[in-house]
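A quick write-up on the structure given underneath.
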Amino acid sequence: MERDITGLRTAVQGEVLTPRDAGYEDARALHNSLITRRPAAIVRVSGTADVVTTLAYAREHALEVSVRGGGHGLSGRALGGDLVIDLSALRGVTVDPDARTAVVQGGATWADVDQATQAHGLAVPGGRISHTGVAGLTLGGGEGWLSAKHGLTCDNLIAAEVVTADGRVVVADDRSEPELMWALRGGGGNFGVVTAFTFRLHPVGPLVLGGIIGYRVADAPAVLGVLDRVHSVGHDAFAGAAVFLTAPPAPFVPGHVVGRPILAIAPVWLGPLETGAAVVHPIREAATPLFDAAGPMPYLALQSMLDDGALPERRNRWSAEYVPDLTPRLIADLQDAAMTAPSPLSQVIVSPLPDAVRTAPDSAFPSRDGGRWLVHPVGVWTDPDDDDPNFAWVDKVTSAVREHEVTGTYLNLEAPDDDRVRWAMGETRYRRLQRVKAAWDPDDVFRHCAHVSP
């Protein structure tokens, strides 16, 4: 094996790391520290040619391949193969401000994209955590603050450079490869290694309304009721979301509130600031806030304001369910979850599925119909000795949510098995994905993802 890896080292320009090499442990570290897999080699590719070479090597030596972008995926499938194609060195972003497009390499993070596009007053819907990888988020859908106006990340994908299982380099778009393009918009990493994404950009900022308003957990029925009504009006510039969490020791949180379970609202407004203040006013009046740290901020600050609550290398267990309504019984279940979380790092996020997502053109992304709210329990802790109570809490909250009228899930926020993927996609969409998979990856080379069998 070592001899074979030595051959790979000379064949690629990028770095090849094995368990014997300095830097290997850092290279295999993922956002979720529950994942401890140790692949035979990690290839930090220097470009598309290295991806082609690595795939050829894997075919020759009958090695399973996995692909790593940002390393944020809960399941750890980025390290699922014997040989990892690591895109993290490919972080270039090229913006065409006149065409309002950006070409983004497959290892970029949303911080890379936002910084490059905001230099021109532009942006594309992306993740709410700035160190999330572009590739995984896009291929699984991609929902963020801008989705209220402009749909999912994948809805704004207009072309992709893909290295296929047999080593071809294909540029897919709606004209040249429409079925592959349909599948790339939400169908996961089943079809090839995407080394570059071309996105449609939109004017945004530089200032938006954002921040956090904190309330008592007991105020959740009133506050979430108002949040629901504001969304129901149909303001496409309003992207407000809610989270049950333990109040952090942030400068804007009063000392007597730190460490208490609270309900926080992020009242994000992407339109004119003076209009946004009026839209957010009913939320401010829904109950007496514990603190109010919402106001104008740069779009770049909005995109990174939640980063401290999602630091890497912690232990993570999540689930995600779409539901039609925030019923009183569901809200009561979420209040109970907030009050019983064993870790102060855990949260339950409640975010809307905007009309701009629900009405976007058809793609492989499921769950556009039915559910209006995503309920996302996020179990986070640091000590392995605390695994059992934290697993149990996430499982209990998930079971409680599933007692309501669940309509689907967001696969990016889960570690789904094949049956869960098939259920989430629905039979018609899943069969279409199978046909695309059979056309582009009949030998199932790219199986370490939200897997669709060929």
Is any side-chain N of the basic residue among D219 and R216 closer than 4.0 Å to the acidic one's carboxylate O? yes
N412 side chain to L137 main-chain N or O, any donor-acceptor pair under 3.5 Å? yes
For V84 and V67, run side-chain contact (heavy atoms from CB on, under 4.5 Å): C-alpha distance rounded to whole Å, both residues' side-chain angles, the deciding distance at 0.1 Å, then the answer. CA-CA 6 Å; V84 177; V67 183; over 6 Å; no
In sequence, state the C-alpha distance, the side-chain angles, and the governing distance for H72 and H131, and then conclude on side chain to side chain donor-acceptor pair (under 3.5 Å). CA-CA 8 Å; H72 257 250; H131 44 81; 2.8 Å; yes
Checking the side chain of N316 only, and the main-chain atoms of V380 only, is there a donor and an acceptor separated by less than 3.5 Å? no
Heavy atoms only: give me the nearest G371-R358 pair and the separation to one decimal. O-NH1, 2.9 Å
So do the side chains of I283 and V230 get within less than 4.5 Å of each other, counting heavy atoms only? yes
Just checking W381 against F391, ring centres under 6.0 Å apart? yes
Taking N156 for the side chain and L152 for the main chain, is one N or O donor matched with an acceptor at less than 3.5 Å? yes
Let's go through K437 and D444 carefully: what are the C-alpha distance in whole Å and the side-chain angles of both, what is the deciding distance for salt bridge (charged side-chain N to carboxylate O under 4.0 Å, His left out) to 0.1 Å, and is it a yes or a no? CA-CA 8 Å; K437 177 77 167 177; D444 206 13; 3.1 Å; yes
Once side-chain hydrogen bond (donor to acceptor under 3.5 Å, both in side chains) is applied, do any residues pair with K149, and if so which ones, sequence neighbours excluded? none
Minimum-distance pair of heavy atoms, taken over all atoms of M339 and P261: SD-CB, 3.8 Å
Checking side-chain polar atoms at under 3.5 Å, does E313 have a donor or acceptor matched by the opposite partner on H31? no
If the test is side chain to side chain donor-acceptor pair (under 3.5 Å), which one of D387, T382, N390 qualifies with R315? D387
Pair S304, D307 - check side chain to side chain donor-acceptor pair (under 3.5 Å), show working. CA-CA 5 Å; S304 61; D307 284 6; 4.8 Å; no
Salt bridge flag under 4.0 Å for residues R38 and E25: yes
Please round to the nearest 0.5 Å and tell me the distance separating atom CG of L270 and atom CH2 of W145. 9.5 Å
Short side-chain to backbone donor-acceptor contact, T275 and G271, under 3.5 Å: no
Donor-acceptor check, side chain of D308 to backbone of M305, threshold 3.5 angstrom: yes or no? no
If the threshold is 4.0 Å, N to carboxylate O, is there a salt bridge linking D362 and R368? no
Check the side chains of D395 and T398 for a donor-acceptor pair under 3.5 angstrom, ignoring hydrogens and angles. no
Does CG belonging to D388 count more than 12 external heavy atoms closer than 6.0 Å? no
Check for a donor-acceptor pair, side chain of D417 on one end and backbone N or O of D419 on the other, with a separation under 3.5 Å. yes
So ring pair (Phe, Tyr, Trp, His ring centres under 6.0 Å) across residues 267-290, not counting sequence neighbours, yields H235-W269
If you define the side chain from C-beta out and look only at heavy atoms, does anything of V280 sit under 4.5 Å from F238? yes
Could you go through the side-chain contact (heavy atoms from CB on, under 4.5 Å) check for Q434 and V452 one step at a time? CA-CA 6 Å; Q434 283 186 304; V452 173; 3.8 Å; yes
Supply the atom-to-atom distance H404 NE2 to R329 CZ, rounded to the nearest 0.5 angstrom. 4.0 Å
Are W373 and H231 packed together at the side-chain level, in the sense that at least one heavy-atom pair is separated by less than 4.5 angstrom? yes
Note, V134 side chain near V113 side chain (heavy atom, < 4.5 Å): yes
First locate atom CZ of R431, then atom CE of M425, and finally report the distance between them rounded to the nearest 0.5 Å. 15.0 Å
Does L157 form a side-chain contact (heavy atoms from CB on, under 4.5 Å) with M181? I'd like the steps, not just the answer. CA-CA 9 Å; L157 179 65; M181 200 63 196; 3.5 Å; yes
Determine whether D86 and V45 make a side-chain contact, defined as any pair of heavy atoms from C-beta on separated by less than 4.5 Å. no
Is a side-chain N or O of D96 found less than 3.5 angstrom from the main chain of A99, in a donor-acceptor match? yes
What one should report as the nearest heavy-atom pair of A183 and L433 is CB-CD2, 3.9 Å
Could you tell me the separation between the CD1 atom of I349 and the NE2 atom of H376, rounded to the nearest 0.5 Å? 4.5 Å
Just by distance, no angles: are the side chains of Q105 and T195 close enough, under 3.5 Å, to form a donor-acceptor pair? no
Check: D155 and F365 side chains under 4.5 Å, non-hydrogen atoms: no
Which residues pass the side-chain hydrogen bond (donor to acceptor under 3.5 Å, both in side chains) test with D355, not counting sequence neighbours? none
Just checking E405: does its CD atom have more than 12 heavy atoms from other residues, nucleotides or ligands closer to it than 6.0 angstrom? no
Any idea which heavy atoms bring P298 and L207 closest together, and the distance? N-CD2, 3.6 Å
Does a side-chain heavy-atom distance below 4.5 Å link V193 with V162? no
Is a side-chain donor or acceptor of D26 paired with a backbone partner of G23 at a separation under 3.5 angstrom? no
Would you check, one step at a time, whether the test side chain to side chain donor-acceptor pair (under 3.5 Å) holds for D325 with T327? CA-CA 6 Å; D325 298 294; T327 65; over 6 Å; no
Kindly give the heavy-atom pair with the smallest separation between I331 and P221, and that separation in Å. CG2-N, 4.0 Å
Run the side-chain contact (heavy atoms from CB on, under 4.5 Å) test on Q303 and Q118 for me, step by step, so that the C-alpha distance in whole Å, both residues' side-chain angles and the decisive distance to 0.1 Å come before the verdict. CA-CA 11 Å; Q303 283 292 87; Q118 272 291 280; over 6 Å; no
Does the R185 side chain pair with the main chain of W182, one donor and one acceptor, at a distance under 3.5 Å? no
Please answer whether the main-chain N or O of R284 pairs with a side-chain N or O of D292 as donor and acceptor at a distance below 3.5 Å. no
At what distance, to the nearest 0.5 angstrom, does CG of L139 lie from SG of C154? 9.0 Å
For Y430 versus H451, what's the shortest heavy-atom pair and its separation? OH-O, 4.3 Å
In the structure I gave you, are the side-chain heavy atoms of V243 and V348 within less than 4.5 Å of one another anywhere? no
Could you give the distance from CG (L263) to CG (L245), rounded to the nearest 0.5 Å? 8.5 Å
Residues R372 and D228 bridged, charged N to O under 4.0 Å: yes
Could you check whether E321 pairs with R420 (Lys NZ or Arg NE/NH1/NH2 to Asp/Glu carboxylate O, under 4.0 Å)? yes
Mutual orientation of the aromatic rings belonging to F199 and W110 [parallel < 30°, tilted 30-60°, perpendicular > 60°]: tilted
